[in-house]
Amino acid sequence: MELRYFTALLIGASFFISIWMLLFNRSAIDPLAWNLFLAWVPFFFALAAHWTWTIATHLHGRAAIVMIFTAAWLFFFPNAVYVLTDFLHLSDLNFHLSEPDATPATGYSTTVYAMDRQAWNSFFTIAYVAGIGLAISVLSLYIIHFNVTRQFNTLIGWLFVLTVQILSGVGIFLGRFIRFNSWDILRDPFNVLAVTFESVDRFMIYFAGGFTLLGMFSYLFFYIAARLMHKNKPLR
C-alpha cells in the first residue's frame, strides 16, 4: 500500500480546508481547526507504532514502545471521528425560506432553500473537516490493523478492529455529552471509568452503536478498496 500517497493527499486536503476557513468561514476557525488537529494526532501515533514495528527491529524495548504508541493512538482515535458530530452546529442556521413557494422549473408548491452563503459555507467547512477526519481514522486504523494481523492472525486482527470501533463510539459519546477529553483518561482514569458505567443507558448504547456501525462500514469500504488496488503489497 502506498501509504505516502494517502498521507500526502490528507495533508493537501487539510491545507485546503485551512485556507477555505481563512477565506470564507472565519467564525468556524477556532473549534474546527482544533478538532482537525486532534484528528491528526492518532495518525502520527499510528505511524510511530508502525515504524517501531517494522523498521526499528533492533530497538531496545521495542515491544514496550509499540504498546505505548498503540495505547496513545487508541486514546486519541475517537477524535478523528468526533468531528462528524460538529454537524449539529448547523442547527442554528436556516437553510430554507420560511414559506413554500412555486419553483420556476416545476411550477409545484415546494420548500425553497435559501441561498445564504454563510450558512452553506458553514456546511461545506464542517463537511470537509468531517470527511478528512473520517479518512484519517480509517487510514490510521488500517496501519494498526495491518501490524496486529501480522503479529497475530486474521481473526485477532478483526476482533481488534471491532473492539476499537466500539470503544471509539463510547469515547465519542463521552466527548460530546459528558465533555471528557482524551487526556482525562490519563489524568483521572478511575473517574472516567466510573462516569462511563454510570452513563450506560439506551441512548448511550444507541449513540455508541451508531458510531460503531458507521466506523465499521467506513473502514470496510476502505479496506476492501485497499485490498483490491494493492493486493499482497506491504505498507511502505
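The structure presented is a predicted model; accordingly, all values stated were derived computationally and were not measured.
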**Student:** Flag the pair Val161 / Met216 as yes when at least one side-chain heavy-atom distance between them is below 4.5 Å, and no otherwise.
**Tutor:** yes
**Student:** Does one hydrophobic cluster hold both Val195 and Phe203, with members joined at side-chain heavy-atom distances below 4.5 Å?
**Tutor:** yes
**Student:** Assess the pair Phe173 and Phe211: is the distance between their ring centroids shorter than 6.0 Å?
**Tutor:** no
**Student:** Between Ile172 and Val81, is there a side-chain heavy-atom distance shorter than 4.5 Å?
**Tutor:** yes
**Student:** Can Met67 be reached from Trp51 by stepping across I, L, V, M, F, W or Y side chains whose heavy atoms are under 4.5 Å apart?
**Tutor:** no
**Student:** Is Leu159 reachable from Leu167 through a run of I, L, V, M, F, W or Y residues, each pair having side-chain heavy atoms under 4.5 Å apart?
**Tutor:** no
**Student:** When you compare the side chains of His145 and Tyr223, does any donor N or O come within less than 3.5 Å of an acceptor on the partner?
**Tutor:** no
**Student:** Work out which heavy atom in Leu10 is nearest to a heavy atom in Ala135; give both atom names and the distance.
**Tutor:** CD2-CB, 3.6 Å
**Student:** For side chain to side chain contact (heavy atoms under 4.5 Å, CB included), just list the numbers for Met204 and Val170, CA-CA rounded to whole Å, side-chain angles, deciding distance to a tenth of an Å, and then say yes or no.
**Tutor:** CA-CA 8 Å; Met204 179 188 181; Val170 174; 3.6 Å; yes
**Student:** Please find the pair of heavy atoms, one from Ser218 and one from Leu214, that lie closest to each other, and give the distance.
**Tutor:** OG-O, 2.8 Å
**Student:** Find out if a path of hydrophobic residues (ILVMFWY) with successive side-chain heavy-atom gaps under 4.5 Å connects Val129 to Phe16.
**Tutor:** yes
**Student:** Given side chain to side chain contact (heavy atoms under 4.5 Å, CB included), test Ile17 with Phe124 step by step and report yes or no.
**Tutor:** CA-CA 9 Å; Ile17 191 55; Phe124 285 126; over 6 Å; no
**Student:** When the ring planes of Phe207 and Phe177 are compared, do they come out parallel, tilted or perpendicular, using 30° and 60° as the limits?
**Tutor:** perpendicular
**Student:** Tell me if the centroids of the rings in Trp40 and Phe44 come within less than 6.0 Å of each other.
**Tutor:** yes
**Student:** Answer yes or no: is there a side-chain heavy-atom contact under 4.5 Å between Trp73 and Phe43?
**Tutor:** no
**Student:** Do Ile166 and Trp158 belong to the same hydrophobic cluster, where Ile, Leu, Val, Met, Phe, Trp and Tyr are linked whenever their side-chain heavy atoms lie under 4.5 Å apart, directly or via other members?
**Tutor:** yes
**Student:** Could you grab the distance from atom CG of Leu32 to atom CH2 of Trp20, nearest 0.5 Å is fine?
**Tutor:** 13.0 Å
**Student:** Check for a donor-acceptor pair, side chain of Ser137 on one end and backbone N or O of Leu134 on the other, with a separation under 3.5 Å.
**Tutor:** yes
**Student:** So does Phe37 have more than 12 non-hydrogen atoms from other groups sitting under 6.0 Å from CZ?
**Tutor:** no
**Student:** Anything under 30° is parallel, anything over 60° is perpendicular, the rest tilted; go ahead and classify Phe87 against Phe123.
**Tutor:** tilted
**Student:** Tell me whether Ser168 contacts the main-chain N or O of Val164 through its side chain, where contact means a donor paired with an acceptor under 3.5 Å.
**Tutor:** no
**Student:** Looking only at heavy atoms, which two atoms of Thr70 and Ala49 are closest? And how far apart?
**Tutor:** OG1-CB, 4.0 Å
**Student:** What pair of heavy atoms forms the shortest contact from Ile136 to Ala80, and how long is it?
**Tutor:** CG2-CB, 4.5 Å
**Student:** Nearest 0.5 angstrom please: Trp120 CH2 to Ser122 OG, how far?
**Tutor:** 11.0 Å
**Student:** Roughly how far, to the nearest 0.5 Å, is the CD atom of Gln165 from the CG atom of Leu213?
**Tutor:** 9.5 Å
**Student:** How many angstroms lie between CG in Asp86 and CZ in Arg176, if you round to the nearest 0.5 Å?
**Tutor:** 5.5 Å
**Student:** Taking the six-membered ring for Trp, is the centroid-to-centroid distance between Trp53 and Phe146 below 6.0 Å?
**Tutor:** no
**Student:** For the backbone of Phe76 and the side chain of Asn79, can you confirm whether one donor and one acceptor N or O come within less than 3.5 Å of each other?
**Tutor:** yes
**Student:** A side-chain contact here means heavy atoms from C-beta on lying under 4.5 Å apart; do Asn181 and Leu38 qualify?
**Tutor:** no
**Student:** Under a 4.0 Å threshold between the charged nitrogen and the carboxylate oxygen, would Asp184 count as salt-bridged to Arg179?
**Tutor:** no
**Student:** Do you know which two heavy atoms are closest between Ser140 and Pro42, and how far apart they sit?
**Tutor:** CB-O, 4.2 Å
**Student:** Assess the residue pair Ile126 and Val83 against the criterion (side chain to side chain contact (heavy atoms under 4.5 Å, CB included)); give the C-alpha distance rounded to whole Å, side-chain angles, the decisive distance to 0.1 Å, and a yes or no.
**Tutor:** CA-CA 8 Å; Ile126 295 175; Val83 186; 5.7 Å; no
**Student:** The criterion is salt bridge (Lys or Arg N to Asp or Glu O under 4.0 Å); which residues satisfy it with Arg202, sequence neighbours excluded?
**Tutor:** none
**Student:** Just how far is it from atom OG1 of Thr163 to atom CZ of Phe160, taken to the nearest 0.5 Å?
**Tutor:** 8.0 Å
**Student:** Closer than 3.5 angstrom, by distance alone: can the side chain of Asn147 be matched with the main-chain N or O of Ile143 as a donor-acceptor pair?
**Tutor:** yes
**Student:** Looking only at side-chain N and O atoms, does Arg62 offer a donor or acceptor that is under 3.5 Å from a partner on Thr52?
**Tutor:** no
**Student:** In Å, rounded to the nearest 0.5 Å, how long is the span from CG of Leu36 to CE of Met21?
**Tutor:** 6.0 Å
**Student:** Test side chain to side chain contact (heavy atoms under 4.5 Å, CB included) on Tyr82 and Phe77; report intermediate values, then the result.
**Tutor:** CA-CA 9 Å; Tyr82 176 86; Phe77 179 78; over 6 Å; no
